[in-house]
Amino acid sequence: MYRSHPVSDLFTSPPGTPVTIAGWVQTIRDHGGLLFIELRDRSGRIQCVVDAKDNRLLEEAAKTLRDEWVISLHGTVGMRPEGTVNASVAGGDREVRVTQLTILNSAKTPPFPVGTSEEVSESLRLTYRYLDMRSPRLLEALRFRSELTALIRNHMTACQFWEIETPLLTRSTPEGARDFLVPSRLEKGSFYALPQSPQLFKQLLMVGGLERYFQIARCFRDEDLRADRQPEFTQVDIEASFLTRDKFLGIIEELFCDIFQKFRGETLSRPFMRLTYDEAMNRYGSDKPDLRYDLPIVDLTDLARNTQFSVFTSAVAAEEGTVRGIRYPGGAALSRKEIEDLTAWAMGQGAKGLAWIKSETGGLASPILKFIPEEVQKGVKERLEAQPGDLLLFIADTRKTALRILGALRQHVAERAGLIDRAKTSLFWVVDFPLLEWNPDEKRYEAIHHPFTAPHPDDLGILSETPEKTRSLAYDLVLNGTEVGGGSLRNHELELQRRIFDLIGLSEEEATRRFGFLLEALSFGAPPHGGMAIGLDRLAMILLGRDSIREVMAFPKTQKGSCLLTEAPSPVDGGQLKELGIRLS
RNA sequence: GGGGCCGUAGCUCAGCUGGUUAGAGCGCUGGCCUGUCACGCCAGAGGUCGCGGGUUCGAGCCCCGUCGGCCCCGCCA
């Protein structure tokens with residue numbers, strides 16, 4: 001027998017319990033004749049004692065042990081003598097008195113300290129991921145993720161959703177992200193693509209009458225990486241038939257209530273807040289604002305018109321021109337240099353400049369005040385609800401640019417001013433996204449969500465005349481300023497789907513060539529349906545408070561998409577390429 | 001495609017204005033030690049300063065290129 005208990009069970013075992021435990025040697029403290037072996041398994045660590053005066057041979061064997069060797073120990077649980085209790089660790093009040101030691105495997109000296117909190121470069125940890133995994137930090141993340149996945153699976157199954165797998169070898173759909181391609185041997189010159197998401201399949205499942213589907217689905221996108229983006233990642237993919245948008249959102253809300261109850265002990269109130277896209281953009285300059293703090297963006301265009309400040313007046317005179325501002329609580333304390341840095345930061349975001357006014361106990365202060373009439377100053381102060389000690393910041397630009405920069409500035413300011421309460425949860429829906437967006441480069445409309453998204457029924461009348469003003473039935477779920485999920489109701493009527501394809505400049509032949517199978521499916525009695533995809537990795541990352549998605553994946557890739565452990569991607573030998581009919585240029 | 005930060009012993013780092021033999025702590029190896037828990041004490045080994053080129057009497061340090069890691073913009077329906 002290798003073991004009778006996981007280590008953490010011993011923390012509550014009564015003294016005298018005979019136990020066999022197995023794991024890795026965390027450390028050995030050799031006092032010459034008396035040895036302490038700290039044994040680690042995935043559940044925890046326990047101190048084990050070997051005493052030469054009880055068993056000299058055992059003590060000699062124990063002396064040969066080294067860190068990270070794999071051993072099995074037999075002994076009895078005992079309480080530590082008075083004065084030797086370590087209150088700072090779990091199980092620090094007891095120890096295992098060893099009577100038998102089996103060496104299961106030796107180990108080379110690890111390239112970095114294993115299982116400690118010491119910081120080691122991430123690239124080294126990725127190269128030896130299996131060693132890094134032995135640390136509580138990574139074990140906790142992987143255990144949490146497993147429990148999260150289990151809860152989602154149980155919840156969805158209990159709600160009558162069926163878990164269905166969809167193909168990983170599928171066809172390329174050039175709309176959207178870049179595909180990873182897989183060459184076909186049987187049909188040389190043709191390629192499969194790895195799915196960016198199971199989007200089309202889940203709609204086909206609805207046409208197939210499955211009514212409620214979900215999947216913990218791996219997705220692949222060949223785009224540049226970020227701290228929260230990997231080339232392969234996991235989505236909780238969901239689709240359902242015969243549900244209105246609000247009914248469907250309710251189902252997702254129940255899932256998130258379950259998640260927050262179990263993992264945060266937090267009871268979320270339903271329904272979740274619904275923010276329209278327009279509200280989110282106008283008030284917070286982002287379609288995924290962090291509402292753990294408010295700090296709204298304020299429109300000052302009408303006031304700016306009545307100044308002699310040419311930056312403002314010329315911006316306002318331009319098409320779509322606007323002046324908007326934001327409060328930086330406590331920002332009046334910033335030095336000239338700090339304000340310059342802030343300006344440089346804003347310009348890095350694409351701002352042409354950053355106008356500012358300090359709100360002090362004595363009144364306002366700023367180099368631009370001389371261009372601003374008294375009553376306009378008063379209006380600005382009131383509208384921004386400026387308190388003494390605040391710094392007021394202004395961007396004059398087109399509406400779109402001004403909002404985007406102020407949205408970024410809002411986040412930046414909140415971080416700097418320490419306005420973000422980490423204990424808070426901000427979870428809400430953003431709804432009524434626009435359906436389409438004009439792409440000036442390609443001179444055509446593009447789907448904002450994806451081309452299967454249904455237009456808002458109230459806007460069907462304006463779809464043809466002003467496509468860009470048409471709202472859609474798309475929705476995003478935003479958690480603490482991160483989009484954790486998004487979806488939409490789909491076009492289940494063939495004619496409407498054809499109209500959308502037409503609007504995004506997809507000719508009938510092209511639409512048939514790419515999505516003919518879907519269009520045909522829609523013609524065979526597709527039910528009203530819609531769904532959503534939740535980013536499982538991101539959700540786990542946020543719930544654990546980690547700042548990188550790599551922290552919640554067992555084997556993540558680097559920013560250049562390589563796996564330092566397996567050294568993928570790698571060249572392949574000529575024979576393999578020949579078989580596939582591929583010649584490298 | 002673009003911007004920024006980083007690369008010195010197994011690990012984490014220091015290394016001044018370019019100066020002679022590149023250091024520390026931890027780890028490792030050997031020895032001692034019977035209540036430690038970052039055990040302690042003694043001794044020892046350990047370096048392609050990421051790589052290539054250049055400037056210089058002289059480069060870990062300056063310049064150019066390159067490789068790798070991280071963060072960001074673009075990109076990610």
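On a predicted model such as this, the values are computed, not experimentally measured, just so you know. Within every chain, numbering begins at 1; the chains are lettered A, B, ... in the order of the sequence lines, protein sequences first and strands thereafter.
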Peer 1: Answer with yes or no whether A/Arg29 presents, from its side chain, a donor or acceptor under 3.5 Å of a partner atom in the base of B/rU34.
Peer 2: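 Answer is no: no donor-acceptor pair is held.
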Peer 1: Under 5.5 Å between ring centres and under 30° between planes: does that hold for A/Phe36 against the base of B/rU36?
Peer 2: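 Answer is yes, a stack.
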Peer 1: Does any donor-acceptor pair link the side chain of A/Arg221 with the base of B/rC76 at a separation under 3.5 Å?
Peer 2: no
Peer 1: Under a 3.5 Å distance rule, please check whether A/Arg490 uses its side chain to pair with a backbone N or O of A/Ser488 as donor and acceptor.
Peer 2: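 Yes, A/Arg490 side chain to A/Ser488 backbone: donor-acceptor pair under 3.5 Å.
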Peer 1: Could you measure between the two C1' atoms, the one in B/rG58 and the one in B/rC42, and give it in whole Å?
Peer 2: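 Pairwise C1' distance, B/rG58 against B/rC42, rounds to 40 Å.
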Peer 1: Write down the distance separating the C1' atoms in B/rC61 and B/rG18, rounded off to the nearest Å.
Peer 2: 6 Å
Peer 1: Is A/Arg80 side chain donor-acceptor paired with the B/rC37 base, going by distance under 3.5 Å alone?
Peer 2: yes
Peer 1: Go through the structure and list residues passing side-chain hydrogen bond (donor to acceptor under 3.5 Å, both in side chains) with A/Gln196, not counting sequence neighbours.
Peer 2: A/Asp179
Peer 1: Below 3.5 Å, does any donor atom in the side chain of A/Arg226 face an acceptor in the base of B/rG74, or the other way round?
Peer 2: yes
Peer 1: Any side-chain N or O of A/Ser121 below 4.0 angstrom from OP1/OP2 of B/rU12?
Peer 2: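 So the side chain of A/Ser121 is within the cut-off, an N or O lying under 4.0 Å from OP1 or OP2 of B/rU12.
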Peer 1: Does a nitrogen or oxygen in the side chain of A/Arg66 sit under 4.0 Å from OP1 or OP2 of B/rU29?
Peer 2: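 A/Arg66 to B/rU29 OP1/OP2: side-chain N or O found under 4.0 Å.
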Peer 1: Suppose you measure atom C1' in B/rU21 against the same atom in B/rG47; what distance do you get, rounded to whole Å?
Peer 2: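 Result for the C1' pair: 13 Å, nearest Å.
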Peer 1: When only distance counts, do a donor and an acceptor, one from the side chain of A/Glu82 and one from the base of B/rG35, lie under 3.5 Å apart?
Peer 2: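 When only heavy-atom distances are counted, A/Glu82 does not reach the base of B/rG35 through any donor-acceptor pair under 3.5 Å.
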Peer 1: With sequence neighbours left out, write down each residue that passes side-chain hydrogen bond (donor to acceptor under 3.5 Å, both in side chains) with A/Trp24, or none if nothing qualifies.
Peer 2: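 Expected list: none.
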Peer 1: Can a side chain N or O of A/Thr109 be found less than 4.0 Å away from OP1 or OP2 on B/rG10?
Peer 2: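 No, A/Thr109 has no side-chain N/O under 4.0 Å of OP1/OP2 on B/rG10.
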Peer 1: So, is A/Gln559 near the phosphate of B/rC71, with a side-chain N or O under 4.0 Å from OP1 or OP2?
Peer 2: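 For A/Gln559, the contact criterion (side-chain N or O under 4.0 Å from OP1 or OP2 of B/rC71) is met.
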Peer 1: Tell whether A/Asp67 reaches the base of B/rG27 with its side chain through a donor-acceptor pair below 3.5 angstrom.
Peer 2: no
Peer 1: Given the P atoms of B/rU12 and B/rU55, what is the spacing between them in whole Å?
Peer 2: 35 Å
Peer 1: Side-chain donor-acceptor pair under 3.5 Å between A/Gln497 and A/Glu493, yes or no?
Peer 2: no
